Enquirer: 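Can you keep this structure in mind? I'll have questions shortly.
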Amino acid sequence: MQYNFREIESRWQRFWAENQTFRAEHPNEKPKFYALTMFPYPSGAGLHVGHPLGYIACDIYARYKRHQGFNVLQPMGYDSFGLPAEQYAIQTGQHPAITTRTNIARYREQLDQLGFSYDWSRQVRTSDPEYYHWTQWVFMQLFDSWYNRDSDKAEHLTTLISAFEAGGNTAVNAACDEDTPAFTAAEWQAMSEAEQQRILLKYRLTYLADTEVNWCPELGTVLANDEVVNGVSERGGYPVIRKKMTQWSMRITAYAQRLLDGLDTIDWPQPLKDAQTNWIGRSKGASVTFRSKPVKPGGERYDLEVFTTRPDTIYGVSFMTLAPEHDLVPELTTEAQREAVEAYVEASARRSERERMADVKSISGVFTGAYAEHPLTGEDIPIWIGDYVLAGYGTGAVMAVPCGDQRDYDFAKHFDLPIPNIFEGVSIEEEAYADKAGTVIANSDFINGMGYKEASNAVIEALEAKGLGKGTINYRLRDAVFSRQRYWGEPFPVYYDAEGLPHLIPEDCLPLELPEVEKYLPTETGEPPLGNATHWAWDAETLSVTANDRIDHKTVFPLELNTMPGWAGSSQYFNRYMDPDNSAALVGDQAIGYWQDVDLYIGGSEHATGHLLYSRFWQYFMYDRGWVPVEEYAKKLINQGMILGTSAVVYRKSGTNTYLSKGLIGDQQVEELRVDVNLINASDELDLEALRKWQPQYADAEFELEDGAYVVGREVEKMSKRWYNVVNPDQICEEYGADSLRLYEMFLGPLEQSKPWNTAGLSGVHNFLKKLWKLYHQGADRSFEVLDDKASAENMKTLHKTIKKVQDDIEGFSFNTTVSSLMICVNELTSQGCRQRDVLEPLAILLSPYAPHIAEELWKKLGHTDSIAFAAFPQFEEKYLVEQSKEYPISFNGKMRFTLELPLDLSREEIEAQVMADARTQKQLDGRTPKKVIVVPGKIVNIVG
RNA sequence: GCCUCGGUGGCGGAAUUGGUAGACGCGCUGGAUUCAAAAUCCAGUGAUAGCAAUAUCGUGUGGGUUCGAUUCCCACCCGAGGUACCA
């Protein structure tokens with residue numbers, strides 16, 4: 001009987017769906033296991049073979065855990081708010097909800113083909129109002145919370161208000177805006193309602209703030225750094241400037257230390273922890289105040305605050321540098337310098353932050369004309385601006401110590417500023433000296449002769465005495481901007497009163513659903529797309545959304561026009577899966593009491609400082625407020641690597657419509673263009689007829705051929721529709737089956753690494769499944785047959801060797817080597833002629849997490865009526881593997897020359913004697929006496945000499 | 001620039017603690033079967049030299065530690081990912 005994968009796979013997929021085999025129930029007396037893969041954004045292109053890599057790995061682990069007796073929850077859903085659907089809406093006018101629905105249907109069809117053991121009854125979609133109800137709900141709780149640094153957790157705003165009423169804000173130790181004024185209880189009581197609200201906004205965990213953004217006036221929108229190339233928008237090439245905008249922010253900085261400390265408690269990849277650690281960027285140092293001198297007689301003086309990790313080098317300060325965007329730049333600029341400063345500020349507004357960070361070679365800056373007073377020496381310190389200082393970074397100002405910091409050094413050299421040396425016995429002729437450990441301070445008054453630590457403490461003490469500084473811990477982490485000027489995202493449950501202050505709509509009015517709009521573009525006045533809605537006002541009396549023309553700022557108010565960012569919906573989805581239909585809470589106590597947290601989370605490392613940091617922040621917040629039982633939601637995390645595609649390249653002779661075959665280019669000027677890989681045959685030859693039909697630009701093109709064919713170039717790069725190099729899983733399922741695809745994706749290489757895709761290799765794993773099938777069909781006319789007599793010792797050795805390897809490899813997430821060992825197992829059992837149930841039954845279970853359809857089919861043929869999914873994993877028994885002898889590699893000077901079979905119970909001396917007695921040893925030595933013989937019993941013999 | 005990961009045959013990769021480099025698979029070559037093909041099976045396959053036994057070289061490059069290095073250390077080259085509004 002043939003291995004008919006089409007029939008087998010569709011039969012078992014139907015069986016699983018009809019029997020709800022993978023439905024996870026709670027409570028349950030079994031131990032729980034929650035396996036989660038990052039849910040996809042359902043793009044219009046559908047799944048390509050790169051997507052399922054992590055899903056397959058997660059499914060294998062989930063199925064393995066079921067065999068181990070766990071009650072497994074493995075859900076799937078869609079991160080369905082996002083830019084591509086909106087972009088498509090702008091181009092075609094089709095509502096993003098329709099695009100999204102179509103795409104989700106397509107994804108579901110493709111996912112169903114691959115045999116995942118998902119509990120589909122728990123599916124979530126972030127764009128579903130039933131779901132974003134709870135995203136909005138979390139936002140509301142953040143709005144109504146503040147961070148108490150004394151209790152070190154978030155609390156409801158009522159405790160803050162009581163504290164204000166009792167003793168003003170000086171007694172409160174809270175995370176708040178830097179510009180929060182001090183007030184007493186009496187002053188608080190005397191404030192108007194609006195004034196109080198304005199103060200509270202400085203404490204809320206989500207608040208309004210002016211933030212720098214990449215503004216593209218032409219497109220009327222904010223762009224990601226990614227979308228800005230050389231100061232212009234990637235789309236359209238319009239100018240982009242840095243601009244301040246009032247936006248919602250999340251006070252994630254309140255959690256900086258806890259997010260850092262929490263990393264020690266979770267089993268996540270070290271590089272990912274490194275990324276978060278660096279992102280949070282804790283550094284210890286001092287904040288120091290430099291007072292500016294009046295720019296003109298009788299003018300004002302300003303406090304310039306800087307943060308430094310090297311307070312010990314304060315006597316080496318020879319100038320200050322401010323970010324061009326620094327608030328005080330206009331005030332500190334003298335008339336003589338104004339023109340130059342303004343030109344420089346404008347020029348740097350056109351450079352992206354990334355550009356400014358990456359470019360260390362070109363040094364630029366301008367003197368403001370102003371001076372500050374050195375806090376300890378009282379000397380005049382010139383104030384410069386330079387774009388190597390970033391506005392959003394620390395205070396946007398640095399005290400420049402050219403002898404101790406390379407960027408300051410380069411800046412000083414370039415502008416011929418003094419470089420005082422404050423290090424004992426160190427030359428700074430060539431470069432700055434930044435070695436903290438080797439530092440001995442000189443030319444620095446009372447700290448001469450001290451090391452880094454001692455000097456830093458002494459300086460901090462001196463600054464504190466003068467009231468011009470203090471020891472402090474600084475975090476690089478910035479509060480997270482939470483507004484997007486987009487349509488296709490969660491609306492904020494917020495309206496604005498006559499004073500422009502934000503108010504929440506009542507909790508029981510959630511969800512606040514996205515309004516319909518005519519156009520998905522920003523409005524002509526530059527407002528976000530929701531500004532196009534005619535019904536986007538809040539009636540505070542009827543508690544409902546109403547028409548804009550009813551806005552009177554008394555009972556009807558304008559609603560927020562921004563929407564939430566992509567990461568909002570993914571920050572609590574893992575908890576929602578536990579209880580997706582709960583209409584009273586994000587997650588019910590019983591559900592989260594049982595499921596607790598995610599045991600295994602698989603996803604890409606590109607989410608390290610986005611989703612994976614924000615979701616930890618929300619979870620900490622939820623924990624503080626008592627809604628979830630654990631601080632960290634994912635105990636273990638694995639990053640899956642990227643699948644790379646092999647693109648096909650054609651070469652267009654510059655300025656013509658003539659294409660040169662790869663071998664004919666020589667030194668001619670050509671442009672490289674990507675063409676669809678499906679137009680290429682196995683010999684890298686292009687199907688010209690198909691190409692002409694593929695895109696109009698090729699219809700009349702000329703082609704210069706080699707040996708009658710057009711040969712394309714190949715380029716390995718990220719698999720993406722953009723490069724026309726995607727390989728679709730549907731065709732593969734059709735030709736080889738889902739089990740083959742699953743095995744092959746795992747067989748390609750280590751899960752965490754990126755690796756190129758090559759469909760040709762699929763036949764290898766497909767052949768393996770055919771061989772496996774044959775092993776169970778050795779009866780007359782290849783009919784199914786297993787024998788009930790005892791398997792041979794050899795059979796058992798092969799089986800148990802494989803059990804051990806498969807178990808160790810799954811637990812170590814080494815899925816590629818499991819597939820190899822299953823292949824070796826089948827090869828060995830085939831040549832041994834094994835037909836025994838003792839061996840073939842456990843083998844089916846070993847295979848089942850990887851190739852579940854064929855395993856179910858064989859399980860049924862073996863006489864079982866229930867699903868193999870819950871069969872107990874075979875027990876490894878050491879006794880089958882005990883060896884009597886070892887084939888020792890015999891090396892000479894580290895090079896293996898021959899092997900020698902010796903009993904394992906020989907002593908070191910006996911082994912040496914046997915080896916020396918061997919004729920081949922004497923031949924290798926050729927009469928020489930060995931200097932040394934190294935014997936490692938059970939491993940190796942090495943003869944030196 | 002900075003942080004992180006990676007570099008092993010024609011290709012994907014293996015080598016678990018410093019101990020036989022190249023498991024397993026693809027591809028390729030030769031053979032069996034077949035009228036022929038598909039499918040299947042058998043043998044070979046890092047490079048160079050040699051009829052062969054065998055020898056020399058060989059894990060990005062250059063150095064080092066060691067009886068022994070793909071594995072540890074130092075310096076460098078190349079590629080990929082992230083770098084705060086792509087998801």
Side-chain angles (χ1 to χ4, degrees), chain A residues 38 40-41 43 79 81-84 211 213-214 221-228 234 247 269-272 274-275 277-279 353-361 388 392 407 476-486 565-567 570 604-611 613 639 641-642 644 682 716-718 744 747-750 752-765 767-768 770-771 774 805 808-809 812 814 816-817 819-824 827 887-899 930-934 936 938-945:
Chain A
M38 289 182 185
Y41 173 78
S43 83
D79 190 11
F81 274 134
L83 223 42
T211 336
V213 293
N214 296 317
T221 185
V222 175
L223 299 175
N225 281 339
D226 227 52
E227 301 170 290
V228 184
E234 190 182 33
Q247 309 204 66
Q270 194 54 43
L272 202 152
D274 290 347
T277 303
N278 294 334
W279 192 258
E353 214 169 88
R354 180 138 2 132
E355 242 183 290
R356 283 163 59 173
M357 276 191 287
D359 182 11
V360 292
K361 289 191 190 87
Y388 75 101
R407 286 165 311 174
R476 199 175 77 97
L477 183 71
R478 312 204 282 251
D479 278 343
V481 180
F482 199 66
S483 297
R484 297 292 184 270
Q485 296 68 45
R486 302 267 151 78
W567 55 270
S570 56
S605 61
E606 66 274 21
H607 300 283
T609 54
H611 161 61
L613 193 62
N639 289 131
M642 226 170 26
L644 308 173
V716 174
E717 56 203 349
K718 185 175 177 158
Y744 187 57
F747 188 61
L748 273 183
E752 294 94 329
Q753 276 171 32
S754 58
K755 51 223 160 231
W757 179 264
N758 179 11
T759 306
L762 246 158
S763 61
V765 292
N767 278 342
F768 156 70
K770 284 201 271 192
K771 270 192 230 170
K774 262 196 198 164
K805 178 83 175 139
D808 289 353
D809 285 355
S814 178
N816 54 327
T817 50
V819 180
S820 303
S821 53
L822 287 169
M823 286 174 171
I824 293 168
N827 289 346
E887 189 151 309
Y888 278 92
I890 313 299
S891 315
F892 293 80
N893 297 319
K895 282 200 175 82
M896 204 280 285
R897 293 304 177 188
F898 60 90
T899 59
K931 289 201 191 87
K932 208 179 191 181
V933 179
I934 287 147
V936 184
K939 283 249 155 103
I940 197 173
V941 177
N942 190 17
I943 297 163
V944 187

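Per chain, numbering begins at 1; letters A, B, ... match sequence-line order. A quick note: this is a predicted structure, and the numbers were derived from the prediction, not measured.
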Enquirer: Indicate, with a heavy-atom threshold strictly under 4.0 Å, whether Trp279(A) touches base, sugar-phosphate, or nothing.
Expert: base

Enquirer: By nearest atom, which of the nucleotides A87(B), G19(B), G25(B) is closest to the Phe747(A) side chain?
Expert: G25(B)

Enquirer: Hey, which sits more toward the 5' end of RNA chain B by its nearest nucleotide, Asp274(A) or Asn893(A)?
Expert: Asp274(A)

Enquirer: With a non-hydrogen cut-off below 4.0 angstrom, is Arg476(A) in contact with a base, only sugar-phosphate, or nothing?
Expert: base

Enquirer: Please assess Phe747(A) against Met823(A) for the test side-chain contact (heavy atoms from CB on, under 4.5 Å), listing each intermediate value before the final yes or no.
Expert: CA-CA 11 Å; Phe747(A) 188 61; Met823(A) 286 174 171; 4.0 Å; yes

Enquirer: Counting heavy atoms from C-beta on, name the nucleotide in G82(B), A80(B), A87(B) closest to the side chain of Met642(A).
Expert: A80(B)

Enquirer: Under 4.0 Å between any heavy atoms, over every strand shown, what does Pro40(A) touch: base, sugar-phosphate, or nothing? Just pick one.
Expert: nothing

Enquirer: Students often get this wrong, so: under 4.0 angstrom with heavy atoms, is Asp808(A) touching a base, only sugar-phosphate, or nothing?
Expert: nothing

Enquirer: For a side-chain contact (heavy atoms from CB on, under 4.5 Å) check, start with the C-alpha distance between His611(A) and Glu606(A), then their side-chain angles and the critical distance, and finish with the verdict.
Expert: CA-CA 9 Å; His611(A) 161 61; Glu606(A) 66 274 21; over 6 Å; no

Enquirer: What is the glycosidic conformation of G63(B): syn, defined as within 90° of 0, or anti?
Expert: anti

Enquirer: Which nucleotide sits closest to the side chain of Met823(A): G13(B), G25(B), U20(B)?
Expert: G25(B)

Enquirer: With respect to the phosphate group of C26(B), does any side-chain polar atom (N or O) of Asn767(A) fall under 4.0 Å of OP1 or OP2?
Expert: yes

Enquirer: Looking only at side-chain N and O atoms, does Asn816(A) come under 4.0 Å of OP1 or OP2 in A14(B)?
Expert: yes

Enquirer: Could you tell me the Watson-Crick or G-U partner of U65(B), where both distances fall under 3.5 Å? Say none if there is no partner.
Expert: none

Enquirer: Find the distance Leu822(A):CG to A23(B):C1' and express it as a whole number of Å.
Expert: 14 Å

Enquirer: Is any side-chain N or O of Arg897(A) closer than 4.0 Å to OP1 or OP2 of A53(B)?
Expert: no

Enquirer: Whole Å only: how far is the CG atom of Leu762(A) from the P atom of G27(B)?
Expert: 11 Å

Enquirer: Does any nucleotide pair with C2(B) by Watson-Crick or G-U wobble geometry, both distances under 3.5 Å, and what is it?
Expert: G82(B)

Enquirer: Please tell me which of the listed nucleotides, C85(B), G81(B), U20(B), lies nearest to the side chain of Ser605(A)?
Expert: G81(B)

Enquirer: Taking the C1' atom of each, how far is U61(B) from C77(B), in whole Å?
Expert: 7 Å

Enquirer: Please pick, from U20(B), A87(B), C26(B), the nucleotide with the shortest atom-to-atom distance to any side-chain atom of Pro84(A).
Expert: A87(B)

Enquirer: Mind checking if Lys770(A) touches a base, just sugar-phosphate, or nothing, with heavy atoms under 4.0 Å?
Expert: sugar-phosphate

Enquirer: What's the separation between atom NZ in Lys932(A) and atom CG in Asn893(A), rounded to the nearest 0.5 Å?
Expert: 11.5 Å

Enquirer: Would you confirm whether Tyr888(A), through its side chain, and Gly938(A), through its main-chain N or O, come within 3.5 Å as a donor-acceptor pair?
Expert: yes

Enquirer: Taking C72(B) as the reference, what is the distance to U59(B) when you measure between their P atoms (whole Å, please)?
Expert: 16 Å

Enquirer: Nearest of A84(B), U4(B), G82(B) to any side-chain atom of Pro271(A)?
Expert: U4(B)

Enquirer: For Gly749(A) and Trp567(A), find the nucleotide of RNA chain B closest to each by heavy atoms; which residue's nucleotide sits nearer the 5' end?
Expert: Gly749(A)

Enquirer: Take the protein atom CG of Asn758(A) and the nucleotide atom C1' of G13(B), then report the distance between them rounded to whole Å.
Expert: 13 Å

Enquirer: Of all the nucleotides listed (A87(B), G19(B), C26(B)), which has the minimum atom distance to the side chain of Leu83(A)?
Expert: A87(B)

Enquirer: Between C1' on C26(B) and CG on Asn827(A), what's the gap in Å once rounded to a whole number?
Expert: 15 Å

Enquirer: Looking across every strand, which nucleic acid part, if any, lies under 4.0 Å from Ile934(A) by heavy atom: base, sugar-phosphate, or nothing?
Expert: base

Enquirer: So which nucleotide does G58(B) pair with, by the Watson-Crick or G-U wobble rule with both distances under 3.5 Å?
Expert: none

Enquirer: Would you indicate what Val222(A) reaches in the nucleic acid, counting non-hydrogen atoms under 4.0 angstrom: base, sugar-phosphate, or nothing?
Expert: base

Enquirer: For the residue pair Phe892(A) and Phe898(A), categorise the inter-ring angle as parallel (less than 30°), tilted (30 to 60°) or perpendicular (more than 60°).
Expert: tilted

Enquirer: For C28(B), give the paired nucleotide (Watson-Crick: N1-N3 plus N6-O4 or O6-N4; G-U: N1-O2 and O6-N3; both under 3.5 Å), or none.
Expert: G44(B)

Enquirer: So what does Gln485(A) hit on the nucleic acid, given a heavy-atom distance under 4.0 Å: a base, only sugar-phosphate, or nothing?
Expert: base

Enquirer: How many Å lie between CZ on Arg484(A) and P on A84(B), as a whole number?
Expert: 12 Å

Enquirer: Touch check for Thr817(A), heavy atoms < 4.0 angstrom, all strands: base, sugar-phosphate only, or nothing?
Expert: sugar-phosphate

Enquirer: Please check this pair: side chain of Asn214(A) against backbone of Leu223(A), looking for a donor-acceptor N/O pair closer than 3.5 Å.
Expert: yes

Enquirer: So what's A38(B) paired with, Watson-Crick or G-U wobble, going by both distances under 3.5 Å?
Expert: none

Enquirer: Between A38(B) and U56(B), how far apart are the two C1' atoms, rounded to whole Å?
Expert: 45 Å

Enquirer: Closest to the Lys805(A) side chain: C24(B), U16(B), C41(B)?
Expert: U16(B)

Enquirer: Expressed in whole Å, how much space separates the C1' atoms belonging to G18(B) and G9(B)?
Expert: 24 Å

Enquirer: Looking at U17(B), which nucleotide sits across from it as a Watson-Crick or G-U wobble partner, both distances under 3.5 angstrom, or is there none?
Expert: none

Enquirer: Scan Ser763(A) against the nucleic acid and name what it touches under 4.0 Å (heavy atoms): base, sugar-phosphate only, or nothing.
Expert: sugar-phosphate

Enquirer: Taking any heavy-atom pair under 4.0 Å as a contact, classify Leu477(A): base, sugar-phosphate, or nothing.
Expert: base

Enquirer: Quick one: Ile824(A) CD1 to G22(B) P, roughly how many Å, whole number?
Expert: 14 Å

Enquirer: Once you round to the nearest 0.5 Å, how far does NZ of Lys755(A) lie from CG of Asn816(A)?
Expert: 7.5 Å

Enquirer: Can you tell me the distance, in whole Å, between the CD1 atom of Ile940(A) and the P atom of U66(B)?
Expert: 18 Å

Enquirer: I'd like to know if Gln247(A) reaches the base of C85(B) with its side chain, counting only an N/O donor and acceptor under 3.5 Å.
Expert: yes

Enquirer: Using atom P in both nucleotides, what's the gap between U54(B) and A21(B) to the nearest angstrom?
Expert: 15 Å

Enquirer: With a 4.0 Å cut-off on heavy atoms, is Asn214(A) in touch with a base, just the backbone sugar-phosphate, or nothing at all?
Expert: nothing

Enquirer: Scan Tyr41(A) against the nucleic acid and name what it touches under 4.0 Å (heavy atoms): base, sugar-phosphate only, or nothing.
Expert: sugar-phosphate

Enquirer: Pair Ile890(A), Arg897(A) - check side-chain contact (heavy atoms from CB on, under 4.5 Å), show working.
Expert: CA-CA 6 Å; Ile890(A) 313 299; Arg897(A) 293 304 177 188; 6.0 Å; no

Enquirer: Quick check: any donor-acceptor pair below 3.5 Å linking the side-chain of Asn942(A) to the base of C67(B)?
Expert: yes

Enquirer: Got a donor-acceptor contact below 3.5 angstrom from the Arg476(A) side chain to the Asn278(A) backbone?
Expert: yes

Enquirer: From the set G81(B), U20(B), G19(B), return the single nucleotide nearest to any side-chain atom of Lys939(A).
Expert: G19(B)

Enquirer: What is the separation between atom CG on Leu613(A) and atom P on G82(B), rounded to the nearest whole Å?
Expert: 17 Å

Enquirer: For the side chain of Asp79(A), starting at C-beta, report the closest nucleotide among A87(B), G6(B), C41(B).
Expert: A87(B)

